[in-house]
Visitor: 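Here you go, one structure.
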Amino acid sequence: MLDIKNLRENFNDIKKMLSRRGYNLDQDRFESLDEKRKILQISVENLQADRNKLSSEYGKLKSSGEDVDELKITIDKTNSELDEKDNELQILLKEIQNFLLDIPNIPDQSVPDGKDENDNVVIKKCGSITATNTLDHLEITKDIDTDMAAKIAGSRFSVLKGELPKLQRALISFMIDNAVKNGYEEYYVPFMANTDSLIGTGQLPKFEDDLFKTTENLYLIPTAEVPLTNIFRDEFVSEVELPIKVTSHTPCFRSEAGSYGKDTRGLIRQHQFEKIELVQITNPNDSMACLENLLSNACEILDLLELPYQVVELCSGDLGFSSTKTYDIEVWMPSQNKYREISSCSNFSDFQARRSNIKFKNKDGNHFVHTINGSGLAVGRCLIALIENNFNGSGGINIPKPLQPYLDTALLSVN
RNA sequence: GGAGAGUUGGCUGAGUGGUCGAAAGCGCCUCCCUGCUAAGGAGGUAACUGGGUAACUGGUUCGAGGGUUCGAAUCCCUCACUCUCCGCCA
């Protein structure tokens, strides 16, 4: 959510910056809403002040035994006028709130101009593509069983069998251990979240269709970003402790409502997948440096696993709703002969902090923190990348050195 | 699932119809004293928000939402959450 004061004062600048990401900020609507608000609010608050004064007068008269009938008539008149105006104001405020909740974050100045993913900029390529294999993960191993999953739950799920559940656990432990080594505190968190939490991180109200909702009015989390960030909702954090770094491994649940027919084969796009999330709560002064730090923490995993990848900076038109700057990390998928997203690292500036009310105090006053997060990494996609890049051509997956202690082997057999 | 107790500022905690945005303590900030340290003294310190160039000044908020009342932290109703006991359970 943007700062309404900032919006009043710098409307044209903000409108221009938002147009970079293809968002049209409706000036007439905002100005007419805000103008009406100002007039109504002044009259409501004046009436409230009147009522407060009259009521205390009433109390004094009453306690000294004087006649209050005449005053009562004035009070009743004031109150009924107040009721009417206040109702109007509440409706108007709700409209303004909805208007604000709908506005995406402002792209950082450093973000390159562009319309869609074709204008994203590759800023780094790491590792060398050595795989000669062109089989995809379902062809390499029958241990990823989508038929079995379909019987249990339907499409876009999978069952892992054989050595693969263990390989997945190894990846999870490896990633968490690495995050902890880099100063992140590990949390185990709820896999469901309430409405306030999801508004806080920006999934609601706009993207409800992407979420699974339970009958208890809870949502399955689409990412651990939601619980991890909401740990701090409505809290003052201590300035000296910034940046606060937290991590968690969770399953993630996404309805994938908008992607029918897309990536239907294999593990790429599932309703449920495992992910390690990295979150930093930072001082606004150094949030960009923290983003670089978090990005390097995520890249380190792929470096250690010796998987080839590239880092892409998203252009203004491809930025997510809440983000001011985003790097995607894309890992090489031999079967698709291209790089596929395995992590998205974003600086949300004060956008989420404002929605979730996360602040710190210092002698200049109270300030919203900046929030940064990214996957470190998406485990399912990492599993595929490992299988496809490290397939030895005859039922074996070569296990990179740092992962070997978790599996007690350098070569994992698959069926 | 049943019974009871609770939810107040950054934190602990008092407050049962107007003088309460709220005692006290802790924390924090400024200053003083002590040559350092420890301790002590004085003052300040809730959040959000409107109007105003400003000085300043108004409003809202005591878990959430309704209600009673001229007036609600305080009384009533509904809901959420926390704690205790019972039941059930991995």
Side-chain angles (χ1 to χ4, degrees), chain A residues 1-10 30-101 188-200 204-205 213-219 227 230-242 244 281 283 350 352-369:
Chain A
M1 188 158 61
L2 303 184
D3 180 6
I4 191 165
K5 270 187 270 178
N6 190 12
L7 202 56
R8 280 185 200 124
E9 286 160 20
N10 306 302
F30 177 72
E31 284 179 353
S32 82
L33 284 175
D34 198 45
E35 186 56 31
K36 271 190 225 155
R37 185 224 97 236
K38 185 166 169 175
I39 294 165
L40 255 182
Q41 184 168 349
I42 289 172
S43 82
V44 165
E45 288 181 2
N46 284 340
L47 285 166
Q48 284 171 330
D50 289 349
R51 185 208 49 202
N52 291 346
K53 248 178 244 150
L54 293 171
S55 286
S56 81
E57 250 174 72
Y58 182 102
K60 277 175 204 150
L61 287 184
K62 189 107 189 187
S63 66
S64 61
E66 291 177 59
D67 181 49
V68 292
D69 291 354
E70 202 176 320
L71 185 57
K72 175 84 165 64
I73 293 167
T74 316
I75 292 176
D76 285 347
K77 215 175 105 202
T78 306
N79 274 343
S80 71
E81 199 182 341
L82 176 60
D83 260 5
E84 195 186 314
K85 290 258 162 97
D86 194 43
N87 281 338
E88 275 181 63
L89 181 63
Q90 293 314 318
I91 291 165
L92 191 61
L93 288 178
K94 194 143 272 169
E95 270 183 77
I96 292 174
Q97 179 75 356
N98 289 339
F99 181 84
L100 289 176
L101 283 174
Y188 172 81
V189 295
F191 301 161
M192 295 187 208
N194 57 29
T195 308
D196 286 347
S197 295
L198 285 148
I199 289 174
L204 290 180
K213 188 177 191 177
T214 72
T215 53
E216 314 291 317
N217 281 322
L218 291 169
Y219 296 85
N230 277 284
I231 286 172
F232 304 97
R233 177 157 51 88
D234 292 323
E235 299 283 341
F236 279 91
V237 296
S238 156
E239 188 182 19
V240 294
E241 283 169 27
L242 300 178
I244 298 170
I281 307 295
N283 192 302
D350 62 1
Q352 292 182 327
R354 195 177 293 285
R355 287 174 165 241
S356 352
N357 193 28
I358 307 172
K359 290 186 275 197
F360 67 92
K361 283 177 191 284
N362 65 18
K363 55 176 177 292
D364 303 324
N366 300 336
H367 313 273
F368 288 109
V369 300

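Residue numbers start from 1 in every chain, and the chains themselves are labelled A, B, ... in the order their sequence lines are given, proteins ahead of strands. Basis for what follows: all heavy atoms, side chains included, without hydrogens, waters or symmetry-related copies.
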Visitor: Do A:Leu204 and A:Thr195 come close enough that some side-chain heavy atom pair is under 4.5 Å?
Guide: yes
Visitor: Is A:Asp34 paired with A:Arg37 through a side-chain N to carboxylate O contact shorter than 4.0 Å?
Guide: yes
Visitor: With P as the reference atom in both, quote the distance from B:A80 to B:G25 in angstrom, rounded to an integer.
Guide: 39 Å
Visitor: For B:G21 versus B:G27, give the span between their P atoms, rounded off to a whole number of Å.
Guide: 28 Å
Visitor: Tell which nucleotide pairs with B:U53, taking only Watson-Crick or G-U wobble pairs whose two distances are both under 3.5 angstrom.
Guide: none
Visitor: Using purine N1 to pyrimidine N3 plus N6-O4 or O6-N4 for Watson-Crick, or N1-O2 and O6-N3 for G-U wobble, each under 3.5 Å, what pairs with B:U30?
Guide: B:A42
Visitor: With rounding to whole Å, what would you report as the distance between B:G13 and B:G63 at their P atoms?
Guide: 14 Å
Visitor: Reading RNA chain B from 5' onward, which residue's closest nucleotide shows up sooner: A:Asp3 or A:Glu235?
Guide: A:Glu235
Visitor: Near A:Glu88 CD, under 6.0 Å, is it more than 12 heavy atoms from other residues, nucleotides or ligands?
Guide: yes
Visitor: Side chains of A:Asp86 and A:Gln90: donor-acceptor distance under 3.5 Å anywhere?
Guide: yes
Visitor: Any strand is fair game: report the nucleotide pairing with B:C81 by Watson-Crick or G-U wobble, both distances under 3.5 Å, or none.
Guide: B:G6
Visitor: How far apart are the closest heavy atoms of A:Pro190 and A:Pro227, and which atoms are they?
Guide: O-CG, 3.8 Å
Visitor: Does any part of the side chain of A:Glu35, heavy atoms only, come nearer than 4.5 Å to the side chain of A:Ile39, both counted from C-beta?
Guide: yes
Visitor: Could you tell me how far B:A46 sits from B:U37 if I compare only their P atoms? Round to whole Å.
Guide: 29 Å
Visitor: Quick one: does A:Ile281's side chain get under 4.5 Å of A:Ile231's, heavy atoms only?
Guide: no
Visitor: Can you tell me the Watson-Crick or wobble partner of B:C36, both distances under 3.5 angstrom?
Guide: none
Visitor: Got A:Ile358 and A:Glu235 here, is their nearest side-chain heavy-atom distance under 4.5 Å?
Guide: no
Visitor: Contact list please: residues 71-97 of chain A against RNA chain B, heavy atoms, distance less than 4.0 Å, in numerical order.
Guide: A:Lys72, A:Ile75, A:Asn79
Visitor: Could you let me know what B:A14 is paired to, Watson-Crick or G-U wobble, both distances under 3.5 Å, or none if it's on its own?
Guide: none
Visitor: Ignoring hydrogens and angles, state whether a donor on the side chain of A:Asn194 or A:Ser197 is under 3.5 Å from an acceptor on the partner side chain.
Guide: yes
Visitor: In whole Å, measure the gap between the P atoms of B:C62 and B:C11 for me.
Guide: 16 Å
Visitor: Applying a 4.0 Å non-hydrogen cut-off, can you work out what A:Arg8 is touching in the nucleic acid: base, sugar-phosphate, or nothing?
Guide: sugar-phosphate
Visitor: Roughly how far apart, to the nearest Å, are B:G17 and B:U74 at atom C1'?
Guide: 7 Å
Visitor: Let me see the working for A:Glu66 and A:Lys60 under side chain to side chain contact (heavy atoms under 4.5 Å, CB included), right down to the final yes or no.
Guide: CA-CA 9 Å; A:Glu66 291 177 59; A:Lys60 277 175 204 150; over 6 Å; no
Visitor: Let's go through A:Val369 and A:Ile244 carefully: what are the C-alpha distance in whole Å and the side-chain angles of both, what is the deciding distance for side chain to side chain contact (heavy atoms under 4.5 Å, CB included) to 0.1 Å, and is it a yes or a no?
Guide: CA-CA 10 Å; A:Val369 300; A:Ile244 298 170; over 6 Å; no
Visitor: Does any nucleotide pair with B:U19 by Watson-Crick or G-U wobble geometry, both distances under 3.5 Å, and what is it?
Guide: none
Visitor: Counting only heavy atoms and a strict 4.0 angstrom limit, can you tell me which residues of residues 44-66 of chain A come near RNA chain B?
Guide: A:Glu45, A:Gln48, A:Ala49, A:Arg51, A:Asn52, A:Ser55, A:Tyr58, A:Gly59
Visitor: Please name the nucleotide paired to B:G1 by Watson-Crick or G-U wobble geometry with both distances under 3.5 Å, or report none.
Guide: B:C86
Visitor: 5' to 3' on RNA chain B, which nucleotides open and close the contacts with chain A (atom under 4.0 Å from a heavy atom)?
Guide: B:G10 to B:G71
Visitor: C1' atom, B:U61 versus B:U7: distance in rounded Å?
Guide: 15 Å
Visitor: Determine, stepwise, if the pair A:Asn357 / A:Phe368 fulfils side chain to side chain contact (heavy atoms under 4.5 Å, CB included).
Guide: CA-CA 7 Å; A:Asn357 193 28; A:Phe368 288 109; 4.1 Å; yes
Visitor: Using the P atoms only, state how far B:C77 lies from B:A23, rounded to an integer number of Å.
Guide: 30 Å
